[in-house]
Amino acid sequence: VARERGITVHECTLQDAAFSPGSFDLITLWDVAEHLQQPRETFARLAEWLRPGGYIALETGNVGCRWARAMGADWWYVTLLEHCSFYTVDSLRRIFENAGLDLVHWEPTAHHRVSPVKTLIQMGKSGIYRAASRADERRWPLLKHIGPRLLQRHPPCAMVKDHLFVIAQGVL
């Protein structure tokens, strides 16, 4: 569809893309950074593609948020096998500095805005998931066997601010 509308489309990975230095004013990465196998190298490459003063804007999970720290290995975001890189504001700041970028803005965000009641329901599901994943089968057989089956239809994806929206600027 994009090609039909006269838009140039490049089909390749970020690692294989071949753009000239200074090609872009803005590069966006919505839910991409967590898939990067070599984030330092990739962000350095993206920084080269920016014009002086250009921006990179991204959204990714925030392993430094309270919810991620509370859920630990059971946080829904780290259970997705395709997620291989995880960030905090400080880790992104360090990666950006090494790439020649300045972190100019960040804020916590969520993928979905839902009512407080739905947020509590999602948080409750996450709690059940965490309890079921740690339950002793002899003491809690129903929780161990029924809990995961119930949650399979409705995964525990909390609608809390467990993501980061970040803007970095290239060297002027």
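Contact record, Ala33 with Ser85: O-CB, 3.8 Å, taken as the closest heavy-atom pair. Across all non-hydrogen atoms, the minimal contact from Phe86 to His83 is CZ-O, 3.4 Å. Nearest heavy atom pair, residue Thr42 against residue Gln15, reads OG1-NE2, 3.4 Å. The minimum heavy-atom distance between Lys161 and Pro108, with the atom names listed, is CD-O, 4.0 Å. Counting all heavy atoms, side chain and backbone alike, Cys84 lies closest to His35 at SG-O, 3.5 Å. Between Thr88 and Leu164, the closest heavy-atom pair is C-CD1, 4.0 Å.
Follow the hydrophobic side-chain contacts under 4.5 Å out from Phe165 and you never reach Phe43; the two are in separate clusters. Linking Ile, Leu, Val, Met, Phe, Trp and Tyr residues whenever their side-chain heavy atoms come within less than 4.5 Å places Ile167 and Leu26 in a single cluster. A chain of hydrophobic side-chain contacts below 4.5 Å, direct or via other Ile, Leu, Val, Met, Phe, Trp or Tyr residues, connects Leu14 to Ile27. No continuous path of hydrophobic side-chain contacts links Ile56 to Val171 [ILVMFWY only; heavy atoms under 4.5 Å]. Connection of Trp30 to Tyr55 is established within a shared hydrophobic cluster, with ILVMFWY side chains joined at heavy-atom distances below 4.5 Å, either directly or through further cluster members.
Around atom CD of Glu11, no more than 12 heavy atoms belonging to other residues, nucleotides or ligands sit under 6.0 Å away.
Remark: Leu50 CG to Phe24 CZ distance equals 9.0 Å, nearest 0.5 Å. In this structure, the separation between CE on Met71 and SG on Cys65 is 11.0 Å, given to the nearest 0.5 Å. If you take CG on Asp162 and CH2 on Trp67, they are separated by 9.5 Å, rounding to the nearest 0.5 Å. The CG atom of Leu29 lies 6.0 Å from the CG atom of Leu46; values are rounded to the nearest 0.5 Å.
In this structure, the side chains of Arg40 and Asn98 come closer than 4.5 Å at one or more pairs of heavy atoms. When side chains are defined from C-beta on, Asn62 does not count as touching His163, because their heavy atoms never get closer than 4.5 Å. A 4.5 Å side-chain heavy-atom check between Asp25 and Arg51 finds at least one atom pair inside the cut-off.
Counting only distance, with no hydrogens or angles, the side chain of Asp102 and the backbone of Val104 share no donor-acceptor pair below 3.5 Å. Judged by distance alone, with hydrogens and angles left aside, the side-chain atoms of Trp49 form a donor-acceptor pair with the main-chain N or O of Phe19 at under 3.5 Å. The closest donor-acceptor contact from the side chain of Arg69 to the backbone of Gly64 lies under 3.5 Å.
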Test side-chain contact (heavy atoms from CB on, under 4.5 Å) applied to His105 and Glu107, step by step: CA-CA 7 Å; His105 176 81; Glu107 63 186 71; 2.7 Å; yes
Is there a side-chain contact (heavy atoms from CB on, under 4.5 Å) between Val166 and Glu59 once you walk through the steps? CA-CA 6 Å; Val166 178; Glu59 183 181 73; over 6 Å; no
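Judged purely by distance below 3.5 Å, without hydrogens or angles, the side chains of Glu34 and Tyr77 pair a donor atom with an acceptor atom.
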